Amino acid sequence: MLIIKELKKTFVSKGSEYIALQSLNLSVKNGEFVAVMGPSGSGKTTLLNCISGFMTADAGEIILDGENILNIGEEKLADVRQNKLGFVFQDFMLINGLTVLENIYLPQIISNKNMKSMEEKTKILLDAFRIRKIKNKYPNEISGGEKQRVAIARALSNNPSILLADEPTGNLDSKSSSAVIEAFIDANKKLGATIFMVTHDAFAASHSDRVVALKDGQIVKELVRNTPPREFLNDILNFMKVINGETYDA
Ligand SMILES: Nc1ncnc2c1ncn2[C@@H]1O[C@H](COP(=O)(O)OP(=O)(O)OP(=O)(O)O)[C@@H](O)[C@H]1O
Ligand SMILES: [Mg+2]
């Protein structure tokens, strides 16, 4: 479980201060799929960067599985990143010189997993994300949607407590993007992964359990899904109109 308490982050640039996150409180339960939405500049990436330790924060706590991971030392942070957090980036970040299979093995090798447990885990991931057929291909030989599914499989290979994703469908066309959304749903439903996903895509968000809306570094609303995704999508679109002051395209 992830609990964020009173998280504050200020940027100082050219002598003036800019508050990117103001006393933010949020929690994500184990097994929950949470989508974070909000206009550009609302603090979504900053929030993810604070959770992943890519950025320090000014105040607050980020408690993951009972342990505060905010502003901890490099060594502890490396361990948390390696064993507790899974990352999916917009541009995949697969290693081009390694095959799909080797990319998925890599985090497990770094964590000194034995061959047997690695093979078992990888088998589950190849099946769950339907990437067995491409396992011996290199990243430049597969499609964008496939790359992102491999990236999700790799991110889950060490059984992280939470999977963090920043606009994972941002660079994909709508077909690849649907395949990726499906992969997140599979990760959550089939493998029980806890997901924290920043997205501009209301369709992607409509499959989450809960949408957290950020504006000016604060949570302005949470929408809990208790209808099918198709109906939830309408609630999200209506709500986004209000906070963006504009119409969102479905
Ligand atoms: N390194 C930085 N230095 C100064 N200001 C920053 C820095 N990083 C982010 N900001 C500011 O903090 C605010 C939040 O940025 P952030 O990247 O978190 O927004 P976002 O919600 O992810 O936006 P987008 O949807 O465009 O990705 C923005 O106003 C941004 O200009
Ligand atoms: Mg961002």
Side-chain angles (χ1 to χ4, degrees), residues 2 4-28 33-62 64 69-71 74 77 81 85-93 144 147-148 151-152 155 162-174 176-177 180-181 184 195-208 210-223 233 236-250:
L2 174 75
I4 298 172
K5 289 186 190 165
E6 301 291 322
L7 186 67
K8 283 191 193 130
K9 174 73 186 177
T10 309
F11 289 108
V12 181
S13 134
K14 295 199 181 111
S16 58
E17 278 199 345
Y18 182 86
I19 302 171
L21 297 174
Q22 29 184 334
S23 299
L24 192 137
N25 292 291
L26 175 70
S27 59
V28 182
F33 180 176
V34 173
V36 180
M37 299 190 82
S40 182
S42 58
K44 304 179 298 295
T45 297
T46 304
L47 174 59
L48 273 189
N49 284 339
C50 289
I51 299 171
S52 58
F54 290 127
M55 213 176 243
T56 57
D58 305 327
E61 286 175 78
I62 297 178
L64 184 63
I69 58 163
L70 183 65
N71 302 349
E74 273 306 317
L77 186 61
R81 284 212 194 106
L85 301 172
F87 302 97
V88 177
F89 302 93
Q90 195 171 66
D91 41 12
F92 325 119
M93 307 283 256
K147 278 184 197 156
Q148 198 58 302
I152 298 168
I162 191 163
L163 183 61
L164 305 171
D166 197 354
E167 298 188 31
T169 60
N171 282 339
L172 301 173
D173 59 43
S174 64
S176 309
S177 156
V180 169
I181 294 161
F184 275 96
I195 300 173
F196 193 68
M197 178 176 77
V198 168
T199 184
H200 278 119
D201 181 347
F203 179 75
S206 72
H207 291 273
S208 70
R210 179 157 58 105
V211 175
V212 173
L214 272 188
K215 189 167 189 181
D216 301 329
Q218 271 181 319
I219 294 175
V220 289
K221 176 129 181 153
E222 294 195 32
L223 296 171
L233 177 61
I236 296 169
L237 290 172
N238 286 330
F239 175 67
M240 293 321 285
K241 270 185 223 168
V242 178
I243 66 164
N244 287 306
E246 61 182 69
T247 310
Y248 241 66
D249 287 330

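Counting starts at 1 for both ligands and their atoms, in listed order. The model shown is predicted, which means the values in this text are computed figures rather than measured ones.
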query = How far does CG of Asp91 sit from CD of Gln148, to the nearest 0.5 angstrom?
reply = 9.0 Å

message = Could you report the tightest heavy-atom contact between Ala57 and Leu7, atom names first, then the distance?
response = CB-CD1, 3.6 Å

message = I need the protein N, O or S atoms closer than 2.8 Å to the Mg ion (ligand 2), given as residue plus atom name.
response = Thr45 OG1

key: Distance, nearest 0.5 Å, that separates OG of Ser42 from NZ of Lys215   = 9.5 Å

ask   = What residue among Leu163, Ile195, Val180 forms side-chain contact (heavy atoms from CB on, under 4.5 Å) with Val88?
value = Leu163

request  = Give me the ring orientation class for His207 and Phe203: parallel if the planes are under 30° apart, tilted from 30 to 60°, perpendicular past 60°.
outcome  = perpendicular

query = Are Gln90 and Asp166 side-chain neighbours, meaning at least one heavy-atom pair lies under 4.5 Å?
reply = no

request  = Could you tell me the separation between the NE2 atom of His200 and the CE atom of Met37, rounded to the nearest 0.5 Å?
outcome  = 7.5 Å

Show me a pair-per-line table, with atom names and distances to 0.1 Å, of protein N or O atoms that are under 3.5 Å from an N or O of ligand 1.
residue	atom	partner	partner atom	Å
ligand 1	18 (O)	Thr45	N	3.4
ligand 1	18 (O)	Thr46	N	2.9
ligand 1	18 (O)	Thr46	OG1	2.5
ligand 1	21 (O)	Ser42	N	3.2
ligand 1	21 (O)	Ser42	OG	3.4
ligand 1	21 (O)	Gly43	N	3.0
ligand 1	21 (O)	Lys44	N	3.0
ligand 1	21 (O)	Lys44	NZ	2.8
ligand 1	22 (O)	Thr45	N	2.9
ligand 1	22 (O)	Thr45	OG1	2.8
ligand 1	23 (O)	Gly41	N	2.8
ligand 1	25 (O)	Lys44	NZ	2.7
ligand 1	25 (O)	His200	NE2	3.2
ligand 1	26 (O)	Ser40	OG	2.5
ligand 1	29 (O)	Tyr18	OH	3.3

task = Nearest 0.5 Å please: distance from the CZ atom of Phe184 over to the OG1 atom of Thr169.
result = 8.5 Å

request  = Indicate the atoms forming the closest heavy-atom contact of Ser52 with Leu164, along with that distance.
outcome  = CB-CD1, 4.0 Å

